Trainee: 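Below is the structure I would like to discuss, written out as structure tokens.
Naming convention: chains lettered A, B, ... in sequence-line order (proteins, then strands); numbering from 1 in each chain. Owing to the predicted nature of the structure, the values given are computational and were not obtained by experimental measurement. Heavy atoms only: backbone and side chains are in, while hydrogens, waters and symmetry mates are out.
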Protein chains: 2
Amino acid sequence: MELDLRKRRVLRVIVEEFVATAEPVGSRRVAERSALDVSPATIRNEMGELEAMGYLEQPHTSAGRVPSDKGYRFYVDELMEAEPLAPAEVRRLRRALAERIREVQGLVQLTARLLADATACLAMVVGPQLEATRIRAVRLAPLGLRRALLVMVTDAGFVISHVVELPPAFDEAELEPLERLLSRHLGGHAPGGDVRRALRVLDREVPRLHPLLEQAEALLAQDLEPGGEERVYLGGAANLLGQPEFRDVQRARALLALLEQERLVRELLARRESAGVEVTIGQEHPHEALHGCSVVAGSFSIGDRAGGRVAVLGPTRMPYRRVVPFVKHVADSLSELLTRAVGS
Amino acid sequence: MELDLRKRRVLRVIVEEFVATAEPVGSRRVAERSALDVSPATIRNEMGELEAMGYLEQPHTSAGRVPSDKGYRFYVDELMEAEPLAPAEVRRLRRALAERIREVQGLVQLTARLLADATACLAMVVGPQLEATRIRAVRLAPLGLRRALLVMVTDAGFVISHVVELPPAFDEAELEPLERLLSRHLGGHAPGGDVRRALRVLDREVPRLHPLLEQAEALLAQDLEPGGEERVYLGGAANLLGQPEFRDVQRARALLALLEQERLVRELLARRESAGVEVTIGQEHPHEALHGCSVVAGSFSIGDRAGGRVAVLGPTRMPYRRVVPFVKHVADSLSELLTRAVGS
DNA sequence: CGTTAGCACTCCCAAGCGGTGAGTGCTAAC
DNA sequence: GTTAGCACTCACCGCTTGGGAGTGCTAACG
């Protein structure tokens, strides 16, 4: 049940024309653009068959054809020729990112902005995952009033900081040795289960610290749970409203409402098995609000550890040829820059 | 040229009816709802005069009247009776905020969410302003590879942290004395001009530190410039799309595009002289995209210093009676909680 | 003199109605 | 297998029409 060469060509032309114009494409246009050198009538036969096979849809009789989700899927998997990025664009991107590589938060936000601008879609970026980092240093800064700031720095430039209450018997002078103790015990561990285990060991060894360690553990757990430190950044929501598929405000509203729930966005970006860029098309999404939409997502890493995710969301009628390589490029650039910054 | 009692009553009814229904209100409805006990014809005369005076507008002949911006302004300033918050709502709010008072970022974000949900508008919150805080402690955590994390903690729970490159001749053992030196010199200063001055003094005293101090100054400047650390949080954009005034997508698009520019949002929230809650209505906004919209904004403070701003944005047809006291309450609650947290 | 009933008038809106044109599917010929 | 020809379908556009809401005006009323 494979598609023969001509059908593939027809499907490709239809997808690309529809992506460009947002209007159903008819047999005549396909005949003109496909360079197949056959008449519209022949194309019509092919289109009829493609529709029967589920790759095309007709909004109504006597309108042209529109790709179905299955059609887009086939296009993305088999037909699309990725459009290489312009060298100037590559340079601009690299320069912009390199400038902010120091602070992860800003980097992630900037990335979202750049992606959105370049693709005219909505961009989503979730930053390096805490779990993927290792604690490099622990500091306790006195704040007075029996409080101190517990700062943990991880190797990806993450800073976890929380105000903790000091046990009543505590003297500020004790902070420095305590700092060293914590650094020794927690350094090198990932701020997930590893650190928790280390905290427990320490708890048994020095029971006096119990109140402090308990707080540290609770606060860490809070950072790690969805919606904690790993913030999600969106950019370019206004881009979507420019697309004709969102002329119906209620659709746009449902989509925005969904995207405001950070938990759902995180779910949307959940890592798949694959290595490269993943495309999720229309009905493949579990949420109804996303049914006319596609998501193109990629991962970046820090050294050999998982970093975060970058993604672009737009109507299924999206310029995949441009978007897919762009997302891939941004993900790879981030990996490279972050890995070098960590210096491992 | 004051409005007599009956005109005030008529205007008030029209504003409130229009706010509730989003449809132009006619003389009959005003007669029914105003309890003035006069006929629609009389009301019509009043409405005609109110229109001539600029308080009302007519979308077209033979439609009811709609308040003009001037009409809303008069309503907000003179006619509106603030609707007290339900005690249950007050309690819920207080509990939710108190839970997150520890970390400023989360608190600000939560506030935006709560405001948006309660008012069915878009909420904007800009966090405590760095300039308004005082540095409480400075820490330098070694990161290896000639780098260290410079952490400055301010009294409002702000944490400013940056990776800095250490001068080549530096030994990690020197960090601790340096830390103490910095703490002594910078502690108590506001991270604006004050700290910069202190840095310069230190620079003269210990020229060896120059490369480090230079970095610190540059990074601080970066944090302080708009778009630095004082992040703006938005919540409830989807709420706006539900309003009938945004049935025209292009309008919504223009608005969203404006709100994506953090600089403009910050401008929008810029402090006015007044003490309480400020309402900016329609054409009073400099940006055209905001012409059908109103903003209700209030300030919160930390101790006796400026804190940040909370605001709500919606169509000019907004339930001011509810929104104004709500914004005021949220601002006051934040002030109270943050002031107590700082413990000054 | 303010208030009111009556009434003509305006104008939006929704529904109904051909005309138009794009695009199709079918059929028969090449 | 391909193609020209052709009837058919159906969204879209512009037009008209009827209805209804709400107004402004005028004249009468207390």
Side-chain angles (χ1 to χ4, degrees), chain A residues 2-11 13-18 20-68 71 244-245 247-248, chain B residues 2-11 13-18 20-68 71 244-245 247-248:
Chain A
E2 254 328 311
L3 295 185
D4 65 42
L5 215 69
R6 194 165 67 187
K7 282 204 180 55
R8 296 165 82 99
R9 193 111 149 228
V10 169
L11 179 54
V13 169
I14 292 178
V15 170
E16 288 176 0
E17 280 296 304
F18 184 61
T21 65
E23 279 181 6
V25 2
S27 55
R28 172 142 51 129
R29 216 163 60 233
V30 176
E32 280 164 8
R33 304 288 169 99
S34 68
L36 276 173
D37 217 35
V38 292
S39 75
T42 309
I43 300 290
R44 273 206 290 283
N45 288 334
E46 297 286 31
M47 285 165 78
E49 285 177 54
L50 279 169
E51 183 176 359
M53 290 189 251
Y55 293 98
L56 295 179
E57 284 167 1
Q58 227 175 347
H60 54 88
T61 358
S62 106
R65 298 310 207 290
V66 157
S68 66
E245 15 278 291
R247 230 174 313 124
D248 172 15
Chain B
E2 256 326 315
L3 295 184
D4 64 42
L5 215 70
R6 194 164 68 185
K7 282 203 182 53
R8 297 166 80 98
R9 192 109 151 230
V10 168
L11 179 55
V13 170
I14 291 178
V15 170
E16 288 176 0
E17 280 296 304
F18 184 61
T21 65
E23 279 180 8
V25 358
S27 53
R28 172 140 52 125
R29 238 206 351 264
V30 176
E32 280 166 8
R33 302 290 168 98
S34 68
L36 275 174
D37 219 34
V38 292
S39 77
T42 309
I43 299 290
R44 272 205 290 283
N45 290 333
E46 298 284 31
M47 285 165 77
E49 286 177 53
L50 279 169
E51 183 175 359
M53 290 189 250
Y55 293 98
L56 295 179
E57 283 168 2
Q58 225 175 350
H60 52 88
T61 1
S62 104
R65 297 312 206 290
V66 158
S68 66
E245 15 277 292
R247 230 174 316 122
D248 172 16

Trainee: The test is side chain to side chain contact (heavy atoms under 4.5 Å, CB included); show your working for B:L36 and B:V10 and say whether it passes.
Mentor: CA-CA 9 Å; B:L36 275 174; B:V10 168; 3.9 Å; yes
Trainee: Taking all atoms of both residues into account, what is the closest heavy-atom pair of A:F18 and A:P67, and its distance?
Mentor: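 The pair with the smallest heavy-atom distance is CD2-CD, 3.5 Å.
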Trainee: Is A:S62 close enough to C:dG23 that one of its side-chain N or O atoms is under 4.0 Å from OP1 or OP2 there?
Mentor: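 No.
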Trainee: Just wondering, more than 12 heavy atoms not from A:D4 lying within 6.0 Å of its CG?
Mentor: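 Atom CG in A:D4 is crowded, with more than 12 foreign heavy atoms closer than 6.0 Å.
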Trainee: If the cut-off is 4.0 Å, is A:R65 near the phosphate of C:dT24, judged by side-chain N/O to OP1 or OP2?
Mentor: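 It does, given that an N or O in the side chain of A:R65 lies less than 4.0 Å from OP1 or OP2 of C:dT24.
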Trainee: Near DNA chain C, which residues from residues 23-35 of chain A have a heavy atom under 4.0 Å away?
Mentor: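 Hits under 4.0 Å, by residue number: A:G26, A:S27.
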Trainee: Distance check needed: D:dT2 P versus A:D4 CG, whole Å only.
Mentor: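 Going from CG in A:D4 over to P in D:dT2 covers 10 Å.
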Trainee: Base, sugar-phosphate or nothing for A:T61? Non-hydrogen atoms, less than 4.0 Å.
Mentor: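 Sugar-phosphate, backbone atoms only, no base.
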Trainee: Taking Watson-Crick (N1-N3 plus N6-O4 or O6-N4) and G-U wobble (N1-O2, O6-N3), each under 3.5 Å, can you produce the dot-bracket string of DNA chain C? Use [ ] for crossing pairs and | for inter-strand ones.
Mentor: ||||||||||||||||||||||||||||||
Trainee: Is there a donor-acceptor contact under 3.5 Å from the side chain of B:S27 to the main chain of B:I43?
Mentor: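 Not confirmed, B:S27 side chain does not pair with B:I43 backbone.
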Trainee: For a quick test of reading the model, state the closest non-hydrogen atom pair linking B:M47 to B:V25 and the distance between them.
Mentor: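 B:M47 and B:V25 have their closest heavy atoms at CE-O, 3.6 Å.
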Trainee: Please list, in numerical order, the residues of residues 43-51 of chain A that have a heavy atom closer than 4.0 Å to any atom of DNA chain C.
Mentor: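 DNA chain C contact set from residues 43-51 of chain A: A:R44, A:M47.
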Trainee: Is atom CZ of A:R29 surrounded by more than 12 heavy atoms (other residues, nucleotides or ligands) closer than 6.0 Å?
Mentor: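 Enclosed.
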Trainee: So, taking the atom named CD in A:E49 and the one named OH in A:Y55, what distance separates them when rounded to the nearest 0.5 Å?
Mentor: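 Going from CD on A:E49 over to OH on A:Y55, the span is 12.5 Å.
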Trainee: Can you name the closest pair of heavy atoms from B:V66 and B:P59 and give their distance?
Mentor: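 Result for this residue pair: CG2-CG, 4.1 Å.
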Trainee: Taking atom C1' of D:dT3 as reference, at what distance in whole Å does atom CZ of A:R6 sit?
Mentor: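 Roughly 12 Å, once rounded to whole Å.
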Trainee: Which atoms form the tightest heavy-atom contact between A:S39 and A:A31, and what is the distance?
Mentor: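 Closest approach of A:S39 to A:A31: C-CB, 4.4 Å.
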Trainee: Between A:L36 (CG) and D:dG1 (P), how many Å, whole number?
Mentor: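 It is 16 Å, rounded to the nearest whole Å.
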Trainee: When rounded to the nearest 0.5 angstrom, what distance separates CD1 in B:I14 from CG in B:L50?
Mentor: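 Between B:I14 CD1 and B:L50 CG, I get 6.5 Å after rounding to 0.5 Å.
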Trainee: Can you identify which nucleotide, out of D:dA4, C:dT4, D:dT2, has its nearest atom closest to the B:S39 side chain?
Mentor: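 Closest nucleotide to the B:S39 side chain: C:dT4.
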Trainee: Rounded to whole Å, how long is the line connecting atom NE2 of A:H60 with atom P of C:dG23?
Mentor: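 Rounded to whole Å, this separation is 10 Å.
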Trainee: Specify the separation, in whole Å, of atom CD of A:E57 and atom C1' of C:dG23.
Mentor: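 So the two atoms are 17 Å apart, to the nearest Å.
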Trainee: Counting only heavy atoms not in B:E23, do more than 12 fall under 6.0 Å of its CD?
Mentor: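 Counting other residues, nucleotides and ligands, CD of B:E23 stays at 12 neighbours or fewer.
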